[in-house]
Asker: 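Have a look at this one before I ask anything.
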Amino acid sequence: MSDLRDLYQQVIMDHKKNPRNFREITDANHMAHGNNPLCGDALVVYVKLNGEIIEDVSFQGSGCAISVASASLMTETLKGKTLEEAQTLYDNVHRALTGEEEGGELAGKLEVLSGVKEFPARVKCATLSWHTVHAAVDNDHDISITTE
């Protein structure tokens, strides 16, 4: 188990130090600001939709390692997905991290986020980008996470 935890920590730190898709999409047709006032995480998520397909997604901002890594992993995962697939991933991430419902299994790169549920105070950090991309697609331009 220790080797697996070490691997997860390495992936989180790699995405914190070298976040993927950390940039503005100048021709994005959806955008939202996300804020976690309890922790100080703040980001902007940019989404370029082409019909029902997420053609491009990126973020900018600052936050803790978990917040930035989650946003980085999210952007890698959502590119090329349909809105329906993105909603399913959003639901799975939320379930996996909060433990509220069954069926929150994470696969692939996103699996590294599953360890966050052991630290309830960090769940908001890991879900901020997911809530923000959800808000962007729904044309809500600002989201503040104070409760989960």
Asker: Sequence neighbours excluded, which residues qualify as side chain to side chain contact (heavy atoms under 4.5 Å, CB included) partners of E76?
Answerer: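 Applying side chain to side chain contact (heavy atoms under 4.5 Å, CB included) to E76 gives H15, R20, N21, L73, K109.
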Asker: Going by atom types alone, do D14 and Q10 pair a side-chain donor with an acceptor below 3.5 Å?
Answerer: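 There is no such pair between these side chains.
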Asker: Should K79 and D56 count as side-chain neighbours, where that means a heavy-atom distance under 4.5 Å?
Answerer: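 Side chain of K79 against side chain of D56, heavy atoms only: contact under 4.5 Å found.
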Asker: Do R122 and K117 have side-chain heavy atoms sitting under 4.5 Å apart?
Answerer: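 A side-chain contact is absent here, since even the closest heavy-atom pair is not under 4.5 Å.
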Asker: Should N92 and R95 count as side-chain neighbours, where that means a heavy-atom distance under 4.5 Å?
Answerer: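 SC-SC contact between N92 and R95 confirmed.
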Asker: Measure from the side-chain N and O atoms of N50 to the backbone N and O of E55, and report whether any donor-acceptor pair falls under 3.5 Å.
Answerer: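 Not at all, since once roles are kept as given, no pair shorter than 3.5 Å links the two residues.
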Asker: With a 4.5 Å limit on heavy-atom distance, are the side chains of S144 and P37 in contact?
Answerer: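 Answer yes - side chains close enough.
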Asker: Quick one: side-chain hydrogen bond (donor to acceptor under 3.5 Å, both in side chains) partners of T132, sequence neighbours excluded?
Answerer: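 Partners of T132 under the side-chain hydrogen bond (donor to acceptor under 3.5 Å, both in side chains) test: none.
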Asker: Test question: given the 4.5 Å side-chain rule for I, L, V, M, F, W and Y, name all other residues clustered with I25, or answer none.
Answerer: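 Same cluster as I25: M31, V44, Y46.
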Asker: Which heavy atom of V116 sits nearest to which heavy atom of A126, and what is that distance?
Answerer: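 Minimum heavy-atom contact is CG1-CB, 4.0 Å.
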Asker: A side-chain contact here means heavy atoms from C-beta on lying under 4.5 Å apart; do V45 and W130 qualify?
Answerer: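 Sidechains of W130 and V45: no contact.
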Asker: Ignoring hydrogens and geometry, is there a side-chain-to-backbone donor-acceptor pair from T75 to S72 under 3.5 Å?
Answerer: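 A pair under 3.5 Å: yes.
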Asker: If you compare all heavy atoms of D41 against all heavy atoms of G63, which two are closest, and at what distance to 0.1 Å?
Answerer: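 Closest heavy-atom pair between D41 and G63: OD1-CA, 3.1 Å.
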Asker: CG of L97 to OG1 of T127: how many Å apart, nearest 0.5 Å?
Answerer: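 Answer rounded to 0.5 Å: 7.0 Å.
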Asker: Should L43 and N35 count as side-chain neighbours, where that means a heavy-atom distance under 4.5 Å?
Answerer: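 A side-chain contact under 4.5 Å is absent here.
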Asker: Taking all non-hydrogen atoms of both residues, which atom of S70 and which atom of L113 are closest, and how far apart?
Answerer: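 Closest pair (atom of S70, atom of L113, distance): OG-CD1, 3.8 Å.
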Asker: Using the six-membered ring wherever Trp is involved, compare the ring planes of F59 and F22 and label them parallel, tilted or perpendicular (cut-offs 30° and 60°).
Answerer: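 If you compare the ring of F59 with that of F22, the planes turn out perpendicular.
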Asker: Might you point out which heavy atoms bring D27 and K48 nearest each other, and give the distance in Å?
Answerer: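 Nearest heavy atoms, D27 then K48: OD2-NZ, 2.7 Å.
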Asker: State whether the side chain of N36 and the backbone N or O of L38 hold a donor-acceptor pair below 3.5 Å, judged by distance alone.
Answerer: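 Yes; judged by distance alone, with no hydrogens or angles, the pair exists.
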Asker: Under 3.5 Å, is there a donor-acceptor pair between the side chain of H30 and the main chain of A136?
Answerer: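 Yes, because the side chain of H30 sits within donor-acceptor range (under 3.5 Å) of the backbone of A136.
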Asker: Main chain of H94, side chain of T98: is a donor-acceptor contact present, judged purely on distance under 3.5 Å?
Answerer: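 Looks like yes, one N/O pair under 3.5 Å.
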Asker: Starting from the C-alpha separation in whole Å, work towards a yes-or-no answer on side-chain contact (heavy atoms from CB on, under 4.5 Å) for L110 and L89.
Answerer: CA-CA 10 Å; L110 292 179; L89 285 166; 4.0 Å; yes
Asker: Would you sort out whether H33 and I143 count as a side-chain contact (heavy atoms from CB on, under 4.5 Å), showing the intermediate values?
Answerer: CA-CA 6 Å; H33 295 267; I143 185 166; over 6 Å; no
Asker: What's the shortest heavy-atom distance between G80 and I53, and which atoms?
Answerer: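 It is O-CG2, 4.0 Å.
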Asker: State, to 0.1 Å, how close A65 and I12 come at their nearest heavy-atom pair, and which atoms those are.
Answerer: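 It is O-CG2, 4.0 Å.
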